[in-house]
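Some notes on the structure that comes next.
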Amino acid sequence: MALVSLPPELRSICRRLTTKVEQLPLLLPILLKDVGRCQEPLSRPSEPKASESSPEAALLVHTLKTQINTLLTGRTSQGHFVGAALVKAVVETGGWECLRVSDPWVRGLISIIKKKDPSVTKDLCIVALTKIYTLMHEYPTLVREIVTPTLPDFANACLQILKPPVSSKVGKAPYSLIETIFEAISTLVPLHPTTLRQFAGKFKVEIRAFLVPTSSDNVLIPTTLQTSSRRLAVRLHMTAAKGGDSTDWTKHIEELAKAVHSTADQVFRAVQETWESTSGYKPQAVNFDVEPQGGGGDLNQLPRWVGVQAGGERIIGLLDFIREYLYCRTRVAVTVPITTLIDIASRISSIKPPSGKEKHDSGMNSAVGREERDELWTVLPDIQVAAMKMHITLIQRLEKNYIPLAQETLDQTLRILQSTYRLPQARTTIFTLVKEILHLCGPTLPKFTVESLGLLMKCCCRDLLGAAGYLPKPKPQSSSALQNGQKQKTISQNADAFLPGKSEDNTISVSLSAEHLSAAEALLTTLFSYLPQQHIPSSLRSQMVKTAILCRNKDAQVASILHPARDRSGRTPQVILPYLTQQFPRDESVEILRFNFRPMATGPSGEFMEADDAMAVDEDEEAQTESRTNGFSFGQGFDTQYTAPAPATQFKASSPIPMRSAEPIQTPFLAHPPETQIQSVPEITVVEQPSTSTSSLKRKNEDAAAEISVSKRVEIEATTFTAASNTNNVVTPLAPIERAHGVENESSDDESVHLNMELDSDDEDEEEDDDE
């Protein structure tokens, strides 16, 4: 227990902190590790002032806190850095006992932020203060005593870094420090909105340049800094007065949507748009004498941009800004302007670039030059990808409430796919979006909608096969051709390709990102699970199954087995369970599927499979129809002028000896059984039997062995013949044919057939006795 109450790491920390301050940064990893192991003494209640009679653990904890204060109030930047790191570690480990005495630490950290310390030290101080304020939120007393008095000073210190005074000679803060400030304020705004309300306007001005930057700004803003600034801008609406945060949230999104439309008026001016707004927006007039431009120098406006490329970047940034509004949580319920957002996506998806065959597109504006058109077609795919990402965010936020818009969104996505399927980034986004849509309304899609997904299915299979190395290599085109009677110049080719002995590889491998492959695999599984399989063309489904097997996609193979495609007769032509069990022999889900799944219709209609693999089949309808046409009437009533004997005994489904069907089961894993030829002669139908010679007997034995190996069952075959008599046409069931030993050597001109008939007279006598 002594070791538990007083860990040796506590003495080690206090001893190491007595070394020179310049050497402490090298010992910082060891110090932080030891602090994490001293949770019990740091979290134990202690007296405000330690005395000689206090326990040794309390004395050491008091010594540690004093040393941290000395580091924070010192003059060296190394001491400030180590002190800030120790404050964060001690507060996280000690909990409330350390938080209640952290007021000197908080003020010391704020003073370091205001000094001319390195940006790394200021960064660490901001992180430590944010952690302290976050942990104190659960204790109202600490909030009243420490947070409320010091938080305004912390906000002023951050603003001083973002916009240093003109009199000071401090340079511009690095982007990493600015990003840390934005993250810290956006974390504290939901916790203390009232305290930070007075600073909301100043932070809006400072984040304006980082929200939606363009190439016209002549500066490169990191993506992480853009995201953090947008997150802070979204959460600043929480500082509004009581009841106004919901209104401000909706108002900000509508302003962003209006900015998207006004920018699109300039960027899309090369196209004669057929889009009509459903949210009431009226396009603005465009001046074709100047370059496309927008924005302004006003504090309430975004920075100015010039050119189609910069305008496209502004639209993409605004769409990402809207996505951030949908991602971030709100304190109260808000109203999402869905009509406004769908109107933006509809406008962007309605623009379709001309295909390669269309040299003169009637939908283009003649007042715009070719160079501006080329810039538009260059930036348009990125704009469309940003619009589809906004759809994904809407679906993730609204979930099932998005179902009324699912069909319209699917149409827009397929329209975009026709012009952007060549771009991997566009395919990745489309795969994810279609997967989310199919999860909502896939099983209810009509046939023509499912068939319209053909291009998407082909792209998905092509990407997966290419990544796995099974994509067929395209055939090379001829190097020369005759045009206008003249031979075209030969195109240069790789001479090494014609070297003898070089193995030809007919497949190519495509390098795709992990996100792309993950989206394609998830979409392939969704196509099996959430689409009506009877509506998918058989060729496309075969390609999907082939892709799932070659790429070893377990989820897609399981989905294809659980959702089979059946033909009109109810049969399942594709059975891939053997491939799945071979690829994943030790997978638990595959084992469960193998032992519990039984295909109910993998052969002709009327067949079924039981647990013990025994088949019970009714007589085939086609055989019955053929028998009736030849004059046979098995199981049917006779006319009054004929007397019919008792019918032959047949085995039922519950019989211990199963009976073969008239037509063998067709599966891709069984060999075809030998066929029996039937020859018709006048007034009699005979099943040809092999001769009794040695070769015939061997062939008969081999056929019997083959039958047993195929069916794996004991089979009893009863053959019935009917002989036509010259005196009266009585149909009589006969026993199986048995040839006499001398039949082989006998021959006659009329090629008559000798049959041995055995009439069951005893049974008839017994029946007459019963009647009497």
Test Met388 against Ile430 for side-chain contact (heavy atoms from CB on, under 4.5 Å), laying out the working first. CA-CA 7 Å; Met388 289 187 293; Ile430 291 174; 3.4 Å; yes
Do Arg323 and Ile392 come within less than 4.5 Å of each other through their side chains, counting heavy atoms only? no
Salt bridge (charged side-chain N to carboxylate O under 4.0 Å, His left out) partners for Arg144, two or more places apart: none
Validation row: His192, Thr148 side chains within 4.5 angstrom (heavy atoms): no
Partners meeting side-chain hydrogen bond (donor to acceptor under 3.5 Å, both in side chains) with Trp105 (sequence neighbours left out): Asn69
Quick one: does Arg397's side chain have a donor or acceptor within less than 3.5 Å of a partner on Tyr327's backbone? yes
Please tell me if the side chains of Leu433 and Ile395 come closer than 4.5 Å, counting only heavy atoms from C-beta onward. yes
For the pair His252 (side chain) and Asp248 (backbone), establish whether a donor and an acceptor sit closer than 3.5 Å, ignoring hydrogens and angles. yes
Spatial distance of atom CG (Leu124) from atom CG (Leu129) [nearest 0.5 Å]: 10.0 Å
I need the minimum non-hydrogen distance between Ala520 and Cys460, along with the two atoms involved. O-SG, 3.2 Å
Would you mind writing out the side-chain donor-acceptor pairs for residues 149-163 within the sub-3.5 Å range, not counting sequence neighbours?
from	atom 1	to	atom 2	distance (Å)
Thr150	OG1	Tyr133	OH	2.9
Thr150	OG1	Ile146	O	2.6
Asn156	ND2	Pro152	O	3.2

Which heavy atom in Pro190 sits nearest to a heavy atom in Ser186, and how many Å separate them? CD-O, 3.1 Å
May I ask you to decide if Ala548's main-chain N or O and Gln557's side chain share a donor-acceptor pair within less than 3.5 Å? yes
Heavy atoms from other residues, nucleotides or ligands near CZ of Phe584 exceed 12 (cutoff 6.0 Å): yes
Closest heavy-atom pair and its distance - Arg314, Leu302: NH1-CB, 3.5 Å
Smallest separation among heavy atoms of Gln67 and Cys14, with atom names: NE2-O, 3.3 Å
If you round to the nearest 0.5 Å, how far is CD of Gln226 from CD of Glu324? 11.5 Å
Main chain of Phe210, side chain of Ser229: is a donor-acceptor contact present, judged purely on distance under 3.5 Å? yes
Arg16: side-chain hydrogen bond (donor to acceptor under 3.5 Å, both in side chains) partners, not counting sequence neighbours: Ser12, Asp34
Indicate the atoms forming the closest heavy-atom contact of Gly74 with Lys115, along with that distance. O-NZ, 4.5 Å
Does any part of the side chain of Val385, heavy atoms only, come nearer than 4.5 Å to the side chain of Leu423, both counted from C-beta? no
Check step by step if side-chain contact (heavy atoms from CB on, under 4.5 Å) holds for Thr63 and Leu17. CA-CA 10 Å; Thr63 303; Leu17 289 177; over 6 Å; no
Taking CD in Gln301 as the centre, count heavy atoms belonging to other residues, nucleotides or ligands within less than 6.0 Å. Is the count above 12? yes
When you measure from the side chain of Ser102 to the backbone N and O of Leu99, does any donor-acceptor pair fall under 3.5 Å? yes
Say you draw a straight line from CD of Glu92 to OG1 of Thr134; how long is it, rounded to the nearest 0.5 Å? 10.5 Å
Flag the pair Arg231 / Phe182 as yes when at least one side-chain heavy-atom distance between them is below 4.5 Å, and no otherwise. no
Reference residue Val558; test side-chain contact (heavy atoms from CB on, under 4.5 Å); the match among Leu562, Ile561, Asp555: Leu562
Only residue of Thr73, Asp117, Thr121 satisfying side-chain hydrogen bond (donor to acceptor under 3.5 Å, both in side chains) with His80 is Asp117
Assess the residue pair Leu341 and Ile253 against the criterion (side-chain contact (heavy atoms from CB on, under 4.5 Å)); give the C-alpha distance rounded to whole Å, side-chain angles, the decisive distance to 0.1 Å, and a yes or no. CA-CA 9 Å; Leu341 302 181; Ile253 287 189; 4.1 Å; yes
Test item: side-chain donor near acceptor, Arg594 and Thr581, under 3.5 Å: no
With side chains defined as the heavy atoms from C-beta onward, is the minimum distance between Ser589 and Lys554 less than 4.5 Å? yes
Using the six-membered ring wherever Trp is involved, compare the ring planes of Tyr325 and Phe321 and label them parallel, tilted or perpendicular (cut-offs 30° and 60°). tilted
Look up atom OG1 in Thr227 and atom CG in Leu232, then write down how far apart they are to the nearest 0.5 Å. 12.5 Å
Hey, can you tell me if Tyr402 and His391 have their rings parallel, tilted or perpendicular (30° and 60° cut-offs)? perpendicular
Nearest-0.5 Å distance, CG of residue Asp217 to CD of residue Glu313: 9.0 Å
Judged by atom type as modelled, is there a donor-acceptor pair below 3.5 Å linking the side chain of His237 to the main-chain atoms of Ser246? no
Is a donor on one side and an acceptor on the other found under 3.5 Å between the side chain of Thr93 and the backbone of Ala89? yes
Is the shortest heavy-atom distance from the side chain of Asp463 to the side chain of Val510 under 4.5 Å? no
For Glu22, is the CD atom crowded, meaning more than 12 foreign heavy atoms sit under 6.0 Å from it? yes
Flag if over 12 foreign heavy atoms under 6.0 Å of NZ, Lys114: yes
List the steps, then state whether side-chain contact (heavy atoms from CB on, under 4.5 Å) holds for Thr547 with Asn553. CA-CA 8 Å; Thr547 303; Asn553 191 340; over 6 Å; no
Heavy atoms only: give me the nearest Val82-Pro25 pair and the separation to one decimal. CG2-N, 3.8 Å
Are Val212 and Trp305 side-chain neighbours, meaning at least one heavy-atom pair lies under 4.5 Å? no
Report the residues that fulfil side-chain contact (heavy atoms from CB on, under 4.5 Å) with Arg11, sequence neighbours left out, ordered by chain and then residue number. Leu6, Glu56, Leu60
If I take atom CD from residue Glu97 and atom NZ from residue Lys65, how far apart are they, to the nearest 0.5 angstrom? 7.0 Å
With Arg208, which residues qualify under salt bridge (charged side-chain N to carboxylate O under 4.0 Å, His left out), at least two apart? none
Polar side-chain atom of Thr130 near backbone of Ala184 as donor-acceptor pair, under 3.5 Å: no
